[in-house]
Trainee: 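There's a structure below that I have some questions on.
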Amino acid sequence: MSFSYLAGLTEAQKYAVTFGEGPLLVLAGPGSGKTRVITCRIAFLLEAGIRPDQILALTFTNKAAQEIVDRVVSLTGQKGIWIGTFHGFCARLLRRYARLVGLEENFTIYDEGDSLRVLRRAVERAQFPLVSHSLSDVAAAIHRAKNQLQLPEFFMPKDSAVPLELWRQVYAAYQEELRRQNAVDFDDLLLHVARILGEHPDIRGELDDRFRFILVDEYQDTNLAQYAIARALAIDYPNLTVTGDPDQSIYRWRGATLRNILEFEKDYPHVTVVRLEENYRSTGRILRVADALIARNRLRKPKHLFTRNPEGRPVRVLIFKSEQEEALGIAEEISRAVSSRQRRFRDFAVFFRLNVLSRPLETAFRQSGVPYQVVNGTEFFRRKEIQDLLAYLRIVVNPRDDEAFARICQTPPRTFGVRTLDRIREFARQRGLSLAEAIQEEDLFRELSPRMRKPLCEFAEMLRKLMEIPYGGAEAFVRTILDQSGYLQYLKAEGTPEAQERLANVEEFISVTRQFDLRHPGGGSLEQFLEEVALASDPDRWDETDDCVALMTLHAAKGLEFPVVYIVGLEQGLLPYEDSWRDMEELEEERRLLFVGITRAREELTLTRAVYREFRGQRRLTIPSPFLLELPRGEVEIEDRSEEQVGFVLEATSPVEERGQNFDLARGPECFLKQEENPRKPEGRLYLAKELLPHEADKSATEVPVTAGSLVLHVDHGLGRVVEVAEDEGEWLEVEFFALGRHLRLSPTDPRIRILPRKNT
DNA sequence: CCGGCCGAAATTTTT
DNA sequence: TTTCGGCCGG
Ligand SMILES: Nc1ncnc2c1ncn2[C@@H]1O[C@H](COP(=O)(O)OP(=O)(O)OP(=O)(O)O)[C@@H](O)[C@H]1O
C-alpha cells in the first residue's frame, strides 16, 4: 500500500489515475502515457480497496492485457481483475449465458474459413444469387450488420440489386446454421452478448453491479457493438474510463468508429475529459515528422504534443533498388549496430503494410545471420495441418461442429469424399441431426452406395474412440489424438519436403499445447485451449525478451514501442494501399497507419522504399508513396542507394525539380499539399471531446479547384501538372506527366487521378 | 465417385 | 510466383 508509482506521473496523468467515480475520457496523442494511465489507475483502484473482480479492463490484444496484468501485479501484488479483449471477455460471458441465445456452453468459435463455409451453404439454401455479389460481399455485409448490432429482421444492406427480403433470409439462414452447429462467428461473440444485455435487464443489472470500474484502452478502435456492451455495463455504476487517440484509429474497415467518442459524451454528459500533451517516447525529430504527417488529415482536430526528450538523429528516407536490397540494407545496418555493441537485436523492429512484405526481409535476415521473429501469432493457426488438428479437438468438445467433422473426413484421405459428405449432410439436415450423429444412423446407409458402409463405420468407430480419450492436459490429449486418428502416420508416410514442414509445424503445435498446460497448472480444459487459439491476437506469441528483431505489420505494431524502427515499402499501392487514395477517408486511415508506425520509434526512424518491386512474379517500377512528400524536408535525410536513373524519384534529384516551374524548391515537398493552418486550442487541461474531433462540415470541404498549373497525382504515371483546362471545366484536362514526358488528356473525374490542392489557394 | 492436372486469377490490414 | 477452381481420366 504505497501509491509510490504516482510519483512517476505528470499532473495530468495523476489526475486521471486518481480520478474517483464517474465517466472519464482520456484523449491523447501517441506515447503520452495512456496505457500507463490505465495500468496505474487499476493499481490505484485496488489500493483504494476496490476488489479485483470488480474491475474490468478491455484491451486490444491479449498481449496488451497480459502486460497490464504483470505490471499491476508488480505494483500491488493483487491478481484476479477481469482483463482481456472484448472478444475474450464476451466469450467468457457467453459461456455462462449461452442458453439464452440458443447455444450450449461448449459452443465453438468459428474462424473466417469456417464461417465462410457455413455462409456458402446458407446462400445456397436461401437461393441468394451470387451474381451481383460474391460470397465475400455477403460475408462483409453480414459482418457490418453485426457490428452495428443489426439482427436479420432489421438487416439494412445498402441498396443492391438483390431484394432486401433475400438479404434477410441469407443472414437468418446463416445464423440458424451456426446455431444448429452450436457455433458462433467472431462478431456473434459481441452481438449475442450485446443482445443478452439488452434483452435481460436483470442480467445487465447484475453485471453492472459486479463490474464497478470498467476501463477501455485503444477506445478509438472500438465498434458500435463494443461500445454498446461497455455502456450497458456502466449505467448504474457509470465508472467507465476510456483512453484513445483519434489519430491512431486504424480499424475503420472493421467497423471501428470515432462516433463512439461522441456517443460517449452524449451518454455521459458529465464526462471529464483529460488530455495528455507530453510525449515520453520519441525524440523531438521523430515527433515533428509524425506531427507534420498527421497534420495533412483534414478530418481531424489538431492536437498539441511536445516532448522533453532529446532532438535525436534525423529521420531517414532510404531508397533502394529492389526489395532484396532494401531488406539486405536493413539487415546490414542492424548487424553493424549490434556488432559494434551500440544496440541489441531486440532494439529493432521492421514494419510493413502487408504480410507478404516480410518474405524478402526474412530471407535477407537469414542470410545476414540476424535473428528475427515474425510477429503474426494468428497465421500459424491458419495452416492446414494445424486447422486439421484443431478440428479433431473441436469435434471432441462440440460434437455438433459439422465444419470440424467435414475437415476430419478429408484428412487423412479416406475412401469417401465430398460427394458422400454432401449426402450425409442432406440426410442430417432432413432429420435435424449433426453429421456426427448422422453416421451412427442405420438409415443413412440405405441412401448411400453399399461400398461406403465399411469406411463410414470405421470412421464412426474412430470418432467414438476419440470422444472417449480421457483428458489429462492439452499436450497429452493432442498426442493421443495424433496417434489414434492416424494423422501423424499419414504425414510421416508422405515423405515429401512439404510433409516434413508440416510435421515440424505439428511439433510446434504440441509445444503450444505444452505452454498452455504450463500456464494453467490447475489443468486448463480443452475448451479453454480452443478458445485461446480462436481468439489469439497477432502479438500474443511474440516474446520480447528474446534477443531478436521484430517483424510485423503496421497494424500489429499498435501500442508497442522500439528504440529503432524501420518502415519498408513506402510506395504507391502499398502505403497507401491500392486505390485507397481515391477515397479521402480511406486515404486518411492509411496516413494514420503510417503515423502509428512512426510514433512507435523511440530514438531512430528510417522509412524505406524500393525502385523496383516484384509483384506476382513481375518486376515492376514503383511510384513513391505520396506520404513521403508530406514529410517536412528540414527534418528528414534522404539517401538514394538505388543507383537508378529511371523511375519516379520525387525526392532529392527528381525530374520534377528539373522542370521546376511550379515548384517552390526552397520549401521542398511542402509545396505539394496545402498546409492547413491548425489553430491551437487554448491552454488548459480539460476539453470536450467534440473539440478534438472533426466536424461533419469538414468532410465536404474537399473540393479542389482545378486550373492550369494544378498538380495531379496519377496512379500509373505519378505526378503531373495541368497545362490546360477545357472551356467547359468538367470536360477534360490536359496534363503533363513529368515522368512520362508527354501530355495526356483526362477527365477531371477520372478515378485514377487526384488533384492536389495548391499552395495559397 | 475420386484424385490429379492444367489454366486463370491474384482484393490488405485482424479480433 | 502461388493458389484455387474446373474438368477429365481412372
Ligand atoms: N510520466 C511519465 N514519466 C516517464 N515515462 C513515461 C511517463 N508516462 C509514460 N511514460 C513512458 O512513455 C511511453 C509511452 O507510454 P504509453 O505506452 O502508456 O503511451 P500511450 O499513450 O499508450 O501510447 P500509444 O497511444 O502511442 O500506444 C512508455 O515507455 C511509458 O513508460
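All chains are named by letter (A, B, ...) in the order of the sequence lines, taking the proteins before the strands, and each is independently numbered beginning at 1.
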Trainee: In plain terms, say whether A:Lys321 and A:Glu326 are close enough for a salt bridge, that is, a side-chain N and a carboxylate O under 4.0 Å apart.
Mentor: no

Trainee: Are OP1 or OP2 of B:dT15 and a side-chain N or O of A:Asn147 less than 4.0 angstrom apart?
Mentor: no

Trainee: Where the side chain of A:Glu614 is defined as all heavy atoms beyond and including C-beta, which of C:dT1, B:dT15, B:dT14 is the nearest nucleotide?
Mentor: C:dT1

Trainee: In whole Å, what is the span from the CG atom of A:Leu135 to the C1' atom of B:dT11?
Mentor: 15 Å

Trainee: When you measure from the side chain of A:Leu354, which nucleotide among B:dT15, B:dT13, B:dT11 comes out closest?
Mentor: B:dT13

Trainee: Among B:dT14, B:dT11, B:dT15, which nucleotide has an atom closest to any side-chain atom of A:His87?
Mentor: B:dT15

Trainee: Give a yes or no on whether the ring-centroid distance for A:Tyr110 and A:Phe186 is below 6.0 angstrom.
Mentor: no

Trainee: Which part of the nucleic acid, if any, lies within contact of A:Tyr251, taking any heavy atom under 4.0 Å across all strands shown: a base, the sugar-phosphate backbone alone, or nothing?
Mentor: sugar-phosphate

Trainee: Using a heavy-atom cut-off of 4.0 Å across all strands, would you classify A:Ala536 as base, sugar-phosphate, or nothing?
Mentor: sugar-phosphate

Trainee: Salt bridge check: are A:Arg383 and A:Asp388 linked by an N-O gap of less than 4.0 Å?
Mentor: no

Trainee: Whole angstroms only, please: what is the CZ-P distance between A:Arg117 and C:dG5?
Mentor: 11 Å

Trainee: Between C:dT2 atom P and A:Lys384 atom NZ, what is the distance in whole Å?
Mentor: 20 Å

Trainee: Salt bridge or not between A:Asp114 and A:Arg394? Use side-chain N to carboxylate O under 4.0 Å.
Mentor: yes

Trainee: Output the rounded distance in Å from CG (A:Leu116) to P (C:dC4).
Mentor: 13 Å

Trainee: What nucleotide, of B:dT13, B:dT11, B:dT15, holds the atom closest to the side chain of A:Tyr577?
Mentor: B:dT11

Trainee: Please report the distance, rounded to the nearest Å, between CG in A:Leu357 and P in C:dT1.
Mentor: 18 Å

Trainee: Give the rounded distance in Å between these two atoms: CG of A:Asn223 and P of B:dT13.
Mentor: 20 Å

Trainee: Which one, B:dT15, B:dT14, B:dT11, comes nearest to the side chain of A:Trp253?
Mentor: B:dT14

Trainee: Do A:Asn260 and A:Thr257 meet the criterion of a side-chain donor-acceptor pair at a distance under 3.5 Å?
Mentor: no

Trainee: What is the distance, rounded to the nearest whole Å, between atom NE2 of A:His143 and atom C1' of B:dT14?
Mentor: 9 Å

Trainee: Take atom P in B:dT13 and the same atom in C:dC4, then report the distance between them in whole Å.
Mentor: 15 Å

Trainee: Can you find an N or O donor on one side and an acceptor on the other, under 3.5 Å apart, linking the side chain of A:Arg353 with the base of B:dT12?
Mentor: yes

Trainee: Does A:Ser136 put a side-chain nitrogen or oxygen below 4.0 Å from OP1 or OP2 of B:dT11?
Mentor: no

Trainee: Could you check how far CH2 of A:Trp542 sits from P of B:dT14, rounded to whole Å?
Mentor: 15 Å

Trainee: Can you tell me if the side-chain N/O atoms of A:Asn355 get under 4.0 Å from OP1 or OP2 in B:dT13?
Mentor: yes

